[in-house]
Amino acid sequence: MHIIVMGAGVIGTTSAYYLAQAGHEVTVIDRQAGVALETSFANAGQISPGYASPWAAPGIPLKAFKWMFQHHSPLAIKLTGDMFQYQWMVRMLAECNINRYQINKERMVRLSEYSRDCLDALRQETGIHFDERQLGTLQLFRKQQQLDAAEKDTAVLKEENVPYELLDKSGVIQAEPALAHATVDFVGGLRLPNDQTGDCQKFTVELSELAEKLGVHFMFNTHIKGIEQDGDKITGIILKDDTKVTGDAYVMATGSYSHEMLQQLNIDAPVYPLKGYSITTKIIDSQLAPVSTILDESYKIALTRFDDRIRVGGMAELTGFDRSLNTSREDTLLMVLQQLFPNASDISDAHFWTGLRPATPDGTPIVGKTKFKNLYTNTGHGTLGWTMSCGSAKLLSDIISGTKPQIEYDDLNVFRYDSVKH
């Protein structure tokens with residue numbers, strides 16, 4: 001089959017690779033000059049299946065209200081007047097109960113664990129390198145209340161057979177020795193030894209080169225104008241210059257822009273841009289730098305060690321497609337870095353970045369079939385696109401190829417929204 005993949009971020013590129021590996025002819029279309037130049041460019045860098053959790057959780061509405069009045073808030077909402085923004089928030093609020101949270105978290109952990117296994121296999125098969133580390137991740141709790149709450153989340157980890165360690169303060173310092181120099185106090189942490197880290201953009205660039213060797217054709221600097229349909233089939237992609245690209249099947253992997261494109265086809269795919277930020281700094285003293293990834297639960301910020309750099313990323317803003325750099329967010333990222341790892345890196349030369357994460361109300365990505373026989377989706381991964389990329393791509397490739405997938409997948413496609421009425 002000739003398959004057209006729309007989008008060349010980490011999700012589109014991994015989709016193309018696995019489809020090509022399955023024997024398909026693949027063309028990838030992207031408006032940027034290369035792969036991974038938007039959301040995948042400078043994300044937090046962690047591959048953290050065990051921490052896969054929906055933002056929509058019990059207590060989040062009250063927390064969100066309190067965060068609105070905090071200077072270093074992990075969440076900010078700016079009403080844009082866009083009706084879809086209001087609808088998306090209402091849908092998300094409807095997911096903030098314990099029953100929905102447990103369902104959504106199980107889906108996310110299932111796909112994320114599978115994805116980690118797929119990445120391990122890919123690395124073994126190809127020898128791909130991307131500043132990778134396999135040293136686990138550590139969720140850091142500054143308050144006892146956070147540590148107590150983490151114990152409730154371990155039920156899902158046990159169910160999914162995910163190894164974990166609940167640590168006291170001395171255990172945290174043993175896992176991450178440089179935290180002994182932190183200028184703020186903390187009470188403990190939740191460590192997942194099987195989690196990994198790596199530079200998502202480096203990975204995507206390397207994988208795109210491997211994909212090209214398999215025959216994948218990338219069309220960069222190419223804008224999609226619309227999607228042509230005839231009955232229950234997609235018949236082509238119309239480009240900005242009105243030329244038409246055709247294939248046997250089509251994959252929507254355009255991240256935050258998927259909603260608008262699928263809406264043209266009357267498909268309800270509630271993917272909203274969740275704006276995030278990161279800074280990248282050069283390490284000047286490796287003994288004072290993190291070993292792997294630390295997730296600061298208080299500020300919802302991740303600090304990740306690459307070979308010679310520290311990536312600090314996090315926060316979420318519901319502000320539509322605004323990609324302006326808010327300097328107060330840089331202040332927050334620098335503050336957390338200096339509190340936890342003072343003097344580890346050169347903060348005078350920090351690279352400040354923002355990107356739009358494609359988020360669904362329930363936190364689970366939208367992977368699989370649509371009402372059109374030859375249109376598939378791989379989008380809506382939120383803050384976990386890097387974590388879920390290989391598993392989502394392998395799953396999608398199996399679905400399209402008619403191969404039996406290795407995990408349960410019927411609850412991951414867009415049809416789950418048909419029965420949800422808000």
Side-chain angles (χ1 to χ4, degrees), residues 42-46 48 50-57 59-78 137-150 153 167 169 172-173 175-176 178-179 181-192 195 197 274-281 289-290 292-305 310-319 325-342 344-345 347 350-355 357 359 363 382-384 386-387:
N43 65 19
Q46 78 262 34
S48 305
Y51 293 122
S53 296
W55 274 78
I60 281 294
L62 179 59
K63 282 183 181 178
F65 179 75
K66 291 178 179 177
W67 283 336
M68 288 172 67
F69 302 98
Q70 291 180 13
H71 176 55
H72 294 290
S73 169
L75 176 68
I77 301 170
K78 179 182 177 183
T137 54
L138 175 69
Q139 189 174 12
L140 186 70
F141 305 123
R142 300 188 185 210
K143 301 174 184 175
Q144 186 63 41
Q145 181 183 349
Q146 295 169 339
L147 184 58
D148 295 340
D153 262 358
L167 306 174
K169 185 173 180 177
V172 165
I173 293 173
E176 284 285 353
L179 284 173
H181 304 284
T183 61
V184 291
D185 200 15
F186 49 88
V187 298
L190 172 64
R191 183 172 180 267
L192 302 186
D195 282 5
T197 61
L274 200 63
K275 186 178 182 181
Y277 296 88
S278 77
I279 56 171
T280 306
T281 63
S292 189
T293 287
I294 289 84
L295 304 171
D296 188 330
E297 178 61 18
S298 295
Y299 294 98
K300 305 291 185 186
I301 285 172
L303 303 94
T304 298
R305 168 76 175 268
I310 300 175
R311 171 76 50 76
V312 187
M315 295 170 294
E317 292 182 355
L318 278 76
T319 58
L325 286 165
N326 183 341
T327 54
S328 69
R329 295 305 191 181
E330 183 179 22
D331 293 342
T332 302
L333 296 171
L334 286 169
M335 177 194 74
V336 172
L337 173 60
Q338 290 175 285
Q339 286 179 343
L340 299 181
F341 299 100
S345 60
I347 62 171
H351 176 74
F352 186 34
W353 172 89
T354 187
R357 313 179 192 105
T383 60
L384 293 166
W386 181 203
T387 294

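What you see is a predicted model; the values in this text were computed from it and never measured.
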Which value, rounded to the nearest 0.5 Å, describes the distance between [X] atom [atom1] and [Y] atom [atom2]?
X	Y	atom1	atom2	result
T332	D296	OG1	CG	11.0 Å
L384	R357	CG	CZ	9.5 Å
F186	L147	CZ	CG	12.0 Å

Worksheet item: More than 12 non-hydrogen atoms from neighbouring residues, nucleotides or ligands closer than 6.0 Å to CD on Q144, yes or no?
Response: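 Yes.
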Testing the basics here: between [X] and [Y], what is the closest heavy-atom pair and its distance to 0.1 Å?
X	Y	value
L303	F341	CD2-CD1, 4.0 Å
A178	A289	CB-O, 3.5 Å
P342	T183	CG-CG2, 4.1 Å
P74	S298	CG-O, 4.4 Å
S278	A42	OG-O, 2.8 Å
A44	A302	CB-CB, 3.9 Å

Establish, from distance only, whether the side-chain atoms of [X] and [Y] form a donor-acceptor pair under 3.5 Å.
X	Y	answer
Q46	T387	no
R142	Q339	yes
T293	T137	no
E317	Y277	yes
R311	T280	yes
E297	Q146	no

Worksheet item: Stepwise, does the side-chain contact (heavy atoms from CB on, under 4.5 Å) test hold for E176 with L140?
Response: CA-CA 10 Å; E176 284 285 353; L140 186 70; over 6 Å; no
Discussion item. Whether the side chain of S73 engages the backbone of L75 through a donor-acceptor N/O pair (distance < 3.5 Å, no angle test) should be reported.
Written reply: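 It does hold such a pair.
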Discussion item. I'd like to know if the side chain of S345 reaches the main chain of I310, judged simply by a donor and an acceptor atom lying under 3.5 Å from each other, with no hydrogens or angles considered.
Written reply: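 A pair under 3.5 Å: no.
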Practice prompt. Might you work through the side-chain contact (heavy atoms from CB on, under 4.5 Å) test for F141 and V172, ending with a clear yes or no?
Written response: CA-CA 10 Å; F141 305 123; V172 165; over 6 Å; no
Does [X] reach the side chain of [Y], with side-chain heavy atoms less than 4.5 Å apart?
X	Y	value
E330	L325	no
H351	I279	no
L337	T281	yes
R305	P290	yes
M335	Y299	yes

Worksheet item: Given H72 and W67, is the side-chain contact (heavy atoms from CB on, under 4.5 Å) satisfied, shown in steps?
Response: CA-CA 8 Å; H72 294 290; W67 283 336; over 6 Å; no
Item to complete: With Q139 as reference, evaluate L167, I294, L190 under the side-chain contact (heavy atoms from CB on, under 4.5 Å) test and give the passing residue.
Response: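 Only one of L167, I294, L190 forms a side-chain contact (heavy atoms from CB on, under 4.5 Å) with Q139, namely L190.
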Discussion item. Assess the residue pair L340 and V184 against the criterion (side-chain contact (heavy atoms from CB on, under 4.5 Å)); give the C-alpha distance rounded to whole Å, side-chain angles, the decisive distance to 0.1 Å, and a yes or no.
Written reply: CA-CA 7 Å; L340 299 181; V184 291; 3.9 Å; yes
